[in-house]
Amino acid sequence: MNRRRALLGLLCAALLALVPAGCGIPDQTDLQVDGSGPAVSAGASSSGRDEPPTRAASGTDREAFVENFLSAAAGEPERAYARVKQFIAREDRDRLAEKQGSEVVINVVRLTEKPVITQNASGLLTVRVPVQQVGVLRANGVLGPPAATDTEYRFSLRGSAEPGQEGSEDAGYYVTDPPTVLLLGTVALQQYYQTHKVYFWNSDATRLVADQRYLPLAVPAERLVSEAVKWLIAGPSDWLRQGVSGLPDRTALINNAVKTDGRWEVNLDLPGDDRRKLERLGIQLAWSLSDLDGPLQLTTRNQSRVTIDDLAAHRLANPVYPLTQGPQRFTVYEGAVRPLASEGEAVGAVPLRAEDNHDLVSAALRRADDKILAALVRTAPGGRHRLVVGSGAAPVQAMTAGTQTFAAIGRPVWLRPLAGAQPYGLVVADGKLYRFDDRARMVPVPVGAAGRVSAVAAALDGHRIALIVGGRPYLSAASLDGGVVSLGPVRPVATTLTDLSAVDWEQENVLALAGSTDRSGVYELGVDGAQQSALVTDVGAGVTHLAVYPVNPTYVLPSVMMMYEANGVAYRYRSSSVETIRAEQVLDVPAPPDGARAGSPTAPFFLF
């Protein structure tokens, strides 16, 4: 993932922190993709920005040739087969059957080891590429779940030079006996594509929900506006559909977006020709083009028109998240929620009454307009746990204890309630997922994956859910329609991590995941599995509690804010380093009796 570009996109919205949300209501309909005319922009160039290497670029370096072969499919999809077939010996090119248009798919793989190249007695080179299947990259920029199950690919290399061509530009290698699918390594995906966020309205248009697309760097920059409109027309990723709404059926882009006199012009065929729909599309497009500013005009075939004077100002006026205050740190200390002091950060008062703030194992507090949503995990007789829940102005006056007890209850998470609706949350108890309301009523929620549920986390939008089920990470979309929480189909996320124990949302499209390679740590994992990198390595013990304030374009912070607990010790992640959270950082603690030993902060979390 291109962090520099992502950060620039966030900084363009840095003033959003104190702006209230404003939204409308789109119709709920399915979509179909319509073709559009050739790319066009007044006075614009159509030259590519970054193409993968050609076959001859590696010369006689066999390792570089294999690396370039696993990059060749990158770029505009209609030329993917032509680029890959450059690398394949002429007599074997028919083994790779070509597909056209939306049928072009690229198998994205993560190398689990370096490719192994061996040479037999006759001089033939054989290549073995061990892989993990990450997903299928489609022509519309969606990286969906993998279709293949292969754990390795094998092919051979032969010299490319014909007699008399040795040392010429035609020297090098050709692939023989090639794979029958297009392959693209995750390194090449990050090198030759730019990730983009595209936003869809939820069912009642009270909030935007982020999805992810990949755009080849070879696509001219002036085509970004057209591509973003096409992404919105094509609709969300399959796993996200239950939580969001798309544009009306038969919505189509008429030709491609044109930039004239500094203003982008988008012409649409929009069924119903509803100006409200057009205005809401303008908000979606402003956020889906978060790197752009300046004017944009939307016009329908029937001449309805919406003009956005400046995309950056439009984002300021329509923030994607209703965050009006920065995060505040809390911890559970000696069975009670206490504030944590952190240099340069605001400290908040505990929004709970003293009579409710006792015998706690963990807690989740969330702001919702002028209310606080509180979910507490309290010890119960016999070493069991009970959920205690309430909502209201701080300090919350009415807390209700659940009637059920469990051997273990994980960290609760709140979902953003729909306007005026009852709030709901999700929690894992004894290996199953439950929804709860503000009266502590718990109802099992079916999960479309086999295995024990060990962790759950909710994105800022309240619709995208991350789960650990059977030791694997999954995504699902939560629907809150009709006042009932239900999850859509789950999408497995590829990772090489094992011993997964905790998950949270680090960015809009990035998870923080506690697990292990050869050592326990906390890692970044993209929502589609393509990005995987370490945040904290060698924790020394399995992480049992993880809390992150997610990076977002509404309330911008300079770095990732993360806290976790491992082996009974709480830690703070700070600018790529880790600090132990000390007892003296815990505030509002009654003086201990003489000779009593100070406790340890546990289960740290953020209120936001």
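Since this is a predicted model, take the numbers as computed values, not measurements.
- Remark: side-chain polar atoms of Asn202 are paired, donor with acceptor, to backbone N or O of Thr206 under 3.5 angstrom.
- In this structure, Asp293 CG and Asp309 CG are separated by 13.0 Å, a value rounded to the nearest 0.5 Å.
- At least one side-chain heavy atom of Glu506 sits under 4.5 Å from a side-chain heavy atom of Glu524.
- Within 6.0 Å of CG on Asp369 lie no more than 12 heavy atoms contributed by other residues, nucleotides or ligands.
- Of all heavy-atom pairs spanning Asp430 and Ala407, the tightest one is OD1-N, 3.1 Å.
- A donor-acceptor contact shorter than 3.5 Å is absent between the side chain of Ser520 and the backbone of Ser516.
- Nearest heavy atoms, Leu376 versus Asp356: CD1-O, 3.8 Å.
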Residue pair Leu475, Asp528: steps toward the side chain to side chain contact (heavy atoms under 4.5 Å, CB included) verdict: CA-CA 9 Å; Leu475 297 177; Asp528 49 34; over 6 Å; no

task: Step by step, work out the side chain to side chain contact (heavy atoms under 4.5 Å, CB included) result for Leu208 and Trp287.
output: CA-CA 9 Å; Leu208 290 170; Trp287 279 107; 3.6 Å; yes

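- Side chains of Gln585 and Pro601 form no contact here, defined as non-hydrogen atoms less than 4.5 Å apart.
- Shown here for Val543 and Ala514, the closest heavy-atom pair between the two residues is CB-CB, 3.6 Å.
- Only one option out of Ser479, Ser476, Ser203, Ser486 pairs with Gln242 in a side-chain hydrogen bond (donor to acceptor under 3.5 Å, both in side chains); it is Ser486.
- To the nearest 0.5 Å, atoms CZ (Phe608) and CG (Leu460) are separated by 5.5 Å.
- Distance alone, capped at 3.5 Å, places no donor-acceptor pair between the Ser288 side chain and the Ala228 backbone.
- A distance-only check finds a donor-acceptor pair linking the side chain of Arg207 to the backbone of Arg416 [under 3.5 Å].
- Salt-bridge check for Asp504 with Arg411: passed, with a basic side-chain N closer than 4.0 Å to an acidic carboxylate O.
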Candidate pair Ile409 and Val361, rule side chain to side chain contact (heavy atoms under 4.5 Å, CB included), full reasoning: CA-CA 9 Å; Ile409 299 179; Val361 177; over 6 Å; no

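- Side-chain atoms of Asp461 never come within 3.5 Å of backbone atoms of Ala459 as a donor-acceptor pair (strictly under, hydrogens ignored).
- Distance CZ/Phe605 to CE/Met563: 8.0 Å, rounded to 0.5 Å.
- A donor-acceptor contact closer than 3.5 angstrom links the side chains of Tyr321 and Glu508.
- The shortest non-hydrogen separation linking Leu340 to Ile581 is CD2-CG2, 3.6 Å.
- The backbone N or O of Ala286 sits less than 3.5 Å from a side-chain atom of Arg315, completing a donor-acceptor pair.
- Between the Asp437 side chain and the Ala440 main chain, a donor and an acceptor come within less than 3.5 Å of each other.
- Put simply, the side chain of His385 never gets that close to the backbone of Ala380: no donor and acceptor are under 3.5 Å apart.
- Here Arg439 contributes atom CZ and Thr400 contributes atom OG1; the two are 7.5 Å apart, rounded to the nearest 0.5 Å.
- Close placement of the Trp414 and Phe436 rings is indicated, their centers lying within 6.0 Å of each other.
- Once rounded to the nearest 0.5 Å, the distance linking CZ of Arg338 with CZ of Phe330 reads 11.5 Å.
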- request: Go through Ile283 and Trp201 one step at a time and tell me if the side chain to side chain contact (heavy atoms under 4.5 Å, CB included) criterion holds.
  value: CA-CA 10 Å; Ile283 297 172; Trp201 289 107; 3.9 Å; yes

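- Of the possible polar contacts, none joining the Ser362 side chain to the Val377 backbone as a donor-acceptor pair under 3.5 Å is found.
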query: Do Asn509 and Arg464 pass the side chain to side chain donor-acceptor pair (under 3.5 Å) test, and can you show the C-alpha distance, the side-chain angles, and the key distance before you say yes or no?
result: CA-CA 10 Å; Asn509 283 319; Arg464 294 178 303 151; 3.1 Å; yes

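- Ionic pairing of Arg572 and Glu345 is present here: one or more N-O contacts between side-chain nitrogen and carboxylate oxygen are shorter than 4.0 angstrom.
- Remark: side-chain polar atoms of Gln507 are not paired, donor with acceptor, to backbone N or O of Trp505 under 3.5 angstrom.
- Listed here is the closest heavy atom pair of Ser600 and Gly568: CB-O, 4.4 Å.
- No option in Val503, Leu500, Leu467 other than Leu500 meets the side-chain contact (heavy atoms from CB on, under 4.5 Å) test with Pro473.
- When only modelled atom types and interatomic distance are considered, Tyr214 and Gln190 share no side-chain donor-acceptor pair under 3.5 Å.
- Taking the centre of each ring, Tyr434 and Phe406 come in below the 6.0 Å mark.
- Looking only at side-chain heavy atoms (C-beta outward), Leu240 and Val209 come within less than 4.5 Å of each other.
- In the model, Asn357 has no side-chain atom that pairs as donor or acceptor with a side-chain atom of Arg378 under 3.5 Å.
- For Arg213 and Asp211, the salt-bridge test passes: some basic side-chain N is under 4.0 Å from an acidic carboxylate O.
- For the residue pair Thr602 and Glu565, no side-chain donor N or O sits within less than 3.5 Å of a side-chain acceptor on the partner.
- Two residues are said to be in side-chain contact when any heavy atoms from C-beta on lie closer than 4.5 Å; Arg435 and Arg441 fail this criterion.
- When side chains are defined from C-beta on, Val485 counts as touching Leu480, because their heavy atoms get closer than 4.5 Å.
- Separation of atoms CD (Gln328) and CZ (Arg367) is listed at 4.5 Å; rounding is to 0.5 Å.
- Val347 approaches Ala341 most closely through the heavy-atom pair CG2-CA, 4.2 Å.
- Using bins of under 30°, 30° to 60° and over 60° for the plane-to-plane angle, the ring pair Tyr549/Tyr555 lands in the perpendicular bin.
- Counting only heavy atoms from C-beta outward, the side chains of Val551 and Leu557 never approach each other to under 4.5 Å.
- By the 4.5 Å heavy-atom criterion applied to side chains, Leu415 and Pro423 are not counted as neighbours.
- Side-chain contact between Tyr573 and Val560 is present, with at least one heavy-atom pair separated by less than 4.5 Å.
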